[in-house]
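The structure appears right after this line, and notes come after that.
Every heavy atom of this structure was used, including side-chain atoms; hydrogens, water molecules and symmetry mates were not.
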Amino acid sequence: MDFVAGCIGGAAGVLVGHPFDTVKVRLQVQNVDKPLYRGTFHCFQSIVRQESVTGLYKGIGSPMMGLTFINAIVFGVQGNTMRLLGEDTPTNQFLAGAAAGAIQCVICCPMELAKTRMQMQGTGGKQSSSKKLYKNSLDCLVRIYRQEGLSGVNRGMVTTLIREMPGFGVYFWAYDVLTRSLGCEPNDRYMIPKLLFAGGMAGIASWLSTYPVDVIKSRLQADGVGGVNQYSSIADCVRQSVRKEGYMVFTRGLTSTLLRAFPVNAATFATVTLVLMYARRGEEDPKDCEPAQPSHHTQIQQQTSSM
């Protein structure tokens with residue numbers, strides 16, 4: 001039931017956060033010489049005006065399809081790693097999170113490739129006049145595989161790995177530290193707000209720690225749209241980006257990302273909490289959430305299905 005609740009909560013998080021992710025990707029990969037958007041809010045307005053509200057949800061099928069598999073991998077690997085490490089400490093939470101982040105890249109990388117390509121489709125054009133190259137996320141991956149093979153489907157795998165390992169490590173570490181600091185007594189009337197706050201802030205901390213890598217990942221995965229490849233490698237992408245736009249390039253889309261991070265985790269936690277509340281009605285009271293209790297993170301981590 002924890003797994004099912006986590007999946008439902010993750011789906012709620014995707015629905016809430018995907019528009020912000022679309023804006024983030026558009027800002028990260030737009031041409032600096034001919035920018036279409038002046039900033040986060042202008043990008044929001046432009047997408048809605050030119051492509052309608054549905055434009056904000058382009059590519060949502062990909063994260064929705066991969067959600068169940070990613071949840072299973074992340075929480076399965078994280079839980080098993082914690083059991084192998086034995087002691088429930090913030091450091092072990094980081095190591096377990098990093099291990100989970102590394103393994104789930106197998107699903108995450110192709111999923112985000114399709115999401116990025118779908119989000120870039122029809123950029124700057126009217127919805128009715130823009131030609132669609134991909135019908136949906138699955139069609140996108142099939143077309144990429146036919147044209148570029150397995151390497152094409154896994155474009156950006158190295159940068160995804162570099163982002164996900166420390167990203168998930170920081171996420172679980174920050175969440176662990178915050179929940180320990182805030183306390184989580186089962187009879188505390190503010191327990192749920194505390195969990196929501198901890199999850200949201202952990203998501204923000206995770207994104208801040210790896211955001212520059214995410215910019216490069218997005219650019220590499222968007223490269224080749226239209227048949228022209230601009231970057232030959234990760235290093236070449238970094239060099240060209242810095243040379244043309246300076247080091248501030250690594251903050252492109254950061255505002256929309258941070259705006260997305262908190263509500264996504266809040267939606268995830270709220271949904272999971274409600275599902276578990278109704279599903280476990282009549283069962284024994286939840287165990288204490290104090291740091292000394294080993295069950296603390298087993299219960300809470302299964303409520304955090306995505307960043």
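We find the SG-CZ distance between Cys43 and Phe20 to be 12.0 Å, quoted to the nearest 0.5 Å. The CG atom of Leu95 sits 9.0 Å away from atom OG1 of Thr81, with the distance rounded to the nearest 0.5 Å. In this structure, Tyr134 OH and Lys58 NZ are separated by 12.5 Å, a value rounded to the nearest 0.5 Å. Summarising the geometry, atom CG belonging to Leu220 is positioned 10.5 Å from atom OG1 belonging to Thr116; distances are rounded to the nearest 0.5 Å. Between atom CZ of residue Phe262 and atom CG of residue Leu258 there is a gap of 12.0 Å, rounded to the nearest 0.5 Å. Between atom CZ of residue Phe168 and atom CD of residue Gln78 there is a gap of 10.0 Å, rounded to the nearest 0.5 Å.
Note on ring orientation: taking the six-membered ring where Trp is involved, the planes of Tyr171 and Tyr175 are parallel (angle under 30°, cut-offs 30° and 60°).
The backbone N or O of Leu254 lies less than 3.5 Å from no partner atom in the side chain of Thr251, so there is not a single donor-acceptor pair. Panel note: side chain Ser206, backbone Gly167; a donor-acceptor pair is recorded below 3.5 Å. Not a single donor-acceptor pair under 3.5 Å links the side chain of Gln119 to the backbone N or O of Val25. Remark: side-chain polar atoms of Arg252 are not paired, donor with acceptor, to backbone N or O of Val29 under 3.5 angstrom. In this structure, Arg117 contributes its side chain and Gln221 its backbone to a donor-acceptor pair below 3.5 Å. Checked by atom type and distance alone, the side chain of Gln104 pairs as donor or acceptor with a backbone atom of Gly101 at under 3.5 Å.
Between Leu161 and Cys105 the shortest heavy-atom distance is CA-SG, 3.7 Å. Nearest heavy-atom pair, Gly152 versus Leu113, reported as atom, atom and distance to 0.1 Å: O-CD2, 3.2 Å. Cys109 and Arg155 get closest at one heavy-atom pair: SG-O, 3.4 Å. Here the closest heavy-atom approach between residue Ser241 and residue Tyr231 is recorded as OG-OH, 4.3 Å. Phe44 and Leu56 get closest at one heavy-atom pair: CD2-CD2, 3.8 Å. In terms of heavy-atom proximity, Val264 sits nearest to Gly17 at CG2-CA, 3.3 Å.
In the hydrophobic cluster analysis, where Ile, Leu, Val, Met, Phe, Trp and Tyr join through side-chain heavy atoms closer than 4.5 angstrom, Met157 is grouped apart from Met111. Hydrophobic clustering of Ile, Leu, Val, Met, Phe, Trp and Tyr side chains at less than 4.5 Å, counting indirect connections, unites Leu182 with Ile204. Hydrophobic clustering of Ile, Leu, Val, Met, Phe, Trp and Tyr side chains at less than 4.5 Å, counting indirect connections, unites Ile162 with Val249. A single hydrophobic cluster is not seen to contain both Met248 and Tyr37; linkage of ILVMFWY side chains at heavy-atom distances under 4.5 Å, directly or through other members, places them apart. Clustering ILVMFWY residues whenever any of their side-chain heavy atoms sit less than 4.5 angstrom apart, transitively, puts Tyr57 in the very cluster that holds Val48.
Residues forming a side-chain contact (heavy atoms from CB on, under 4.5 Å) with Pro90 (at least two apart in sequence, or on another chain): Trp173, Asp176, Val177, Arg180.
Between the side chains of Ser52 and Thr54, at least one donor N or O sits under 3.5 Å from an acceptor N or O.
Tested against Lys24 for a side-chain hydrogen bond (donor to acceptor under 3.5 Å, both in side chains), the candidates Asp214, Thr257, Thr255 yield a single pass: Asp214. The only option from Ile216, Val215, Val213 that meets the side chain to side chain contact (heavy atoms under 4.5 Å, CB included) definition with Arg163 turns out to be Val213.
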Stepwise side-chain contact (heavy atoms from CB on, under 4.5 Å) test for Cys108 and Thr160:
CA-CA 8 Å; Cys108 179; Thr160 301; 4.2 Å; yes
Going through the checks in order, is the side-chain contact (heavy atoms from CB on, under 4.5 Å) test met by Phe41 and Val23?
CA-CA 9 Å; Phe41 296 105; Val23 171; over 6 Å; no
side-chain contact (heavy atoms from CB on, under 4.5 Å), that's the test. Do Lys115 and His18 meet it? Break it down for me.
CA-CA 10 Å; Lys115 174 182 69 67; His18 195 78; 3.9 Å; yes
Determine whether Thr179 and Lys194 satisfy the following criterion, side-chain contact (heavy atoms from CB on, under 4.5 Å), listing intermediate values before the conclusion.
CA-CA 8 Å; Thr179 51; Lys194 286 178 180 179; over 6 Å; no
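Ion pairing between Arg143 and Asp139 holds under the 4.0 Å rule for side-chain N and carboxylate O.
The closest side-chain heavy-atom distance from Glu112 to Lys217 is below 4.5 Å.
Heavy-atom contacts from other residues, nucleotides or ligands closer than 6.0 Å to CZ of Phe197 number 12 or fewer.
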